[in-house]
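Structure record follows, encoded as structure tokens.
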Amino acid sequence: QVQLVESGGGLVQPGGSLRLSCEASGSILSITHMAWYRQAPGKQRELVASMVPAGVPMYGDSVKGRFTTSRGNEKNTVYLQMNSLKPEDTAVYYCNLGIRTDWDDWGEYWGQGTQVTVSS
């Protein structure tokens, strides 16, 4: 089975930076789509960033200009670089990947989530 493991979350002061990673393992032929979501307590899940291979990244308005998503040199790893962090960025962040596991097998997978807390 395909599994996604997230890392990089933690506590950071306002204005600081964090880099989240999402590594997929298992039977992977290709990644068809990648996205990052976040969810704060009592709030709806929010799309943070999304991108297709060789495509232009798209960002939510609340993070545009501050966050950058990319695919690592390791083809099964994606990143979310988070700069100029604000308290309102505090949330659990989830990666979401579309993965083709065989010629006729495709699925959408989620990471376990990683907590990002922005506080002084």
Side-chain angles (χ1 to χ4, degrees):
Q1 286 187 337
V2 172
Q3 292 185 335
L4 307 185
V5 178
E6 297 184 42
S7 62
L11 175 65
V12 65
Q13 293 185 345
S17 298
L18 286 173
R19 187 195 193 200
L20 307 183
S21 65
C22 177
E23 183 175 359
S25 62
S27 181
I28 301 170
L29 290 182
S30 63
I31 295 175
T32 61
H33 178 85
M34 62 186 195
W36 292 90
Y37 292 83
R38 68 185 182 187
Q39 188 165 28
K43 297 183 178 180
Q44 293 183 325
R45 187 178 64 187
E46 176 187 14
L47 177 63
V48 175
S50 65
M51 191 174 74
V52 297
V56 59
M58 302 289 291
Y59 300 97
D61 290 339
S62 63
V63 306
K64 187 177 181 180
R66 299 187 296 118
F67 291 10
T68 303
T69 189
S70 62
R71 190 171 183 179
N73 292 329
E74 162 53 50
K75 61 183 176 63
N76 294 330
T77 303
V78 298
Y79 299 98
L80 182 67
Q81 179 66 47
M82 309 163 64
N83 299 324
S84 301
L85 284 163
K86 304 175 181 179
E88 52 262 44
D89 295 319
T90 296
V92 178
Y93 285 71
Y94 300 90
C95 60
N96 171 247
L97 303 183
I99 296 175
R100 182 169 297 282
T101 58
D102 206 344
W103 70 273
D104 63 347
D105 192 4
W106 179 91
E108 189 173 72
Y109 300 86
W110 291 87
Q112 83 280 9
T114 184
Q115 176 71 49
V116 172
T117 302
V118 184
S119 176
S120 60

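- With contacts defined as side-chain heavy-atom distances shorter than 4.5 Å, the pair Leu85/Gln13 does not qualify.
- Hydrophobic clustering (ILVMFWY, side-chain heavy atoms < 4.5 Å, transitive): Val92 and Val48 are in distinct clusters.
- Cluster annotation: Leu97 is connected to Trp36 through the hydrophobic network of ILVMFWY side chains, with a link wherever side-chain heavy atoms come within less than 4.5 Å.
- Under a hydrophobic clustering in which Ile, Leu, Val, Met, Phe, Trp and Tyr are joined whenever their side-chain heavy atoms come within less than 4.5 Å, directly or via other members, Met34 and Tyr94 fall into different clusters.
- Checked by atom type, the side-chain pair Thr101/Ser27 shows no donor-acceptor distance below 3.5 Å.
- The backbone N or O of Gly113 lies less than 3.5 Å from a partner atom in the side chain of Glu6, making a donor-acceptor pair.
- Residue Arg38 holds its CZ atom at 10.0 Å from CG of Leu47, rounded to the nearest 0.5 Å.
- With hydrogens and angles ignored, the 3.5 Å screen pairs a side-chain donor or acceptor of Arg66 with a backbone N or O of Ser84.
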side-chain contact (heavy atoms from CB on, under 4.5 Å) between Met51 and Val78, worked out: CA-CA 10 Å; Met51 191 174 74; Val78 298; over 6 Å; no
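- Closest of all the heavy-atom pairs between Asn83 and Ser17 is OD1-OG, 2.9 Å.
- Using a 4.5 Å heavy-atom threshold, the side chains of Glu108 and Asn96 count as touching.
- Between Val52 and Thr32, every side-chain heavy-atom pair lies at or beyond the 4.5 Å cut-off.
- Considering all non-hydrogen atoms of both residues, Leu4 and Ala24 come closest at CD2-CB, 3.3 Å.
- The number of heavy-atom neighbours closer than 6.0 Å to CG of Asp61, taken from other residues, nucleotides and ligands shown, is 12 or below.
- Side-chain atoms of Gln81 and Ser70, non-hydrogen and from C-beta on, never get closer than 4.5 Å to each other.
- No continuous path of ILVMFWY side-chain contacts below 4.5 Å connects Tyr37 to Tyr59, so the two sit in separate hydrophobic clusters.
- Thr69 OG1 to Leu20 CG: the interatomic distance, rounded to the nearest 0.5 Å, is 9.5 Å.
- From Met58, atom CE reaches atom NZ of Lys64 across 8.0 Å, with rounding to the nearest 0.5 Å.
- Atom CD of Gln115 sits about 7.0 Å away from atom OG1 of Thr90, to the nearest 0.5 Å.
- The two residues Ala40 and Ala91 come nearest to each other via the heavy atoms N-CB, 3.9 Å.
- The distance from the OG atom of Ser119 to the CG atom of Asp89 is 12.5 Å, given to the nearest 0.5 Å.
- Not a single donor-acceptor pair under 3.5 Å links the side chain of Thr114 to the backbone N or O of Tyr93.
- Applying the 6.0 Å contact sphere to CD of Gln3 captures no more than 12 heavy atoms from other residues, nucleotides or ligands.
- Here the CD atom belonging to Glu46 is positioned 10.5 Å from the CD atom belonging to Gln39, to the nearest 0.5 angstrom.
- Looking at Tyr79, its side chain never comes within 3.5 Å of a backbone N or O of Thr68 through a donor-acceptor pair.
- Residues Ser62 and Glu88 bring no donor and acceptor atom of their side chains to less than 3.5 Å of each other.
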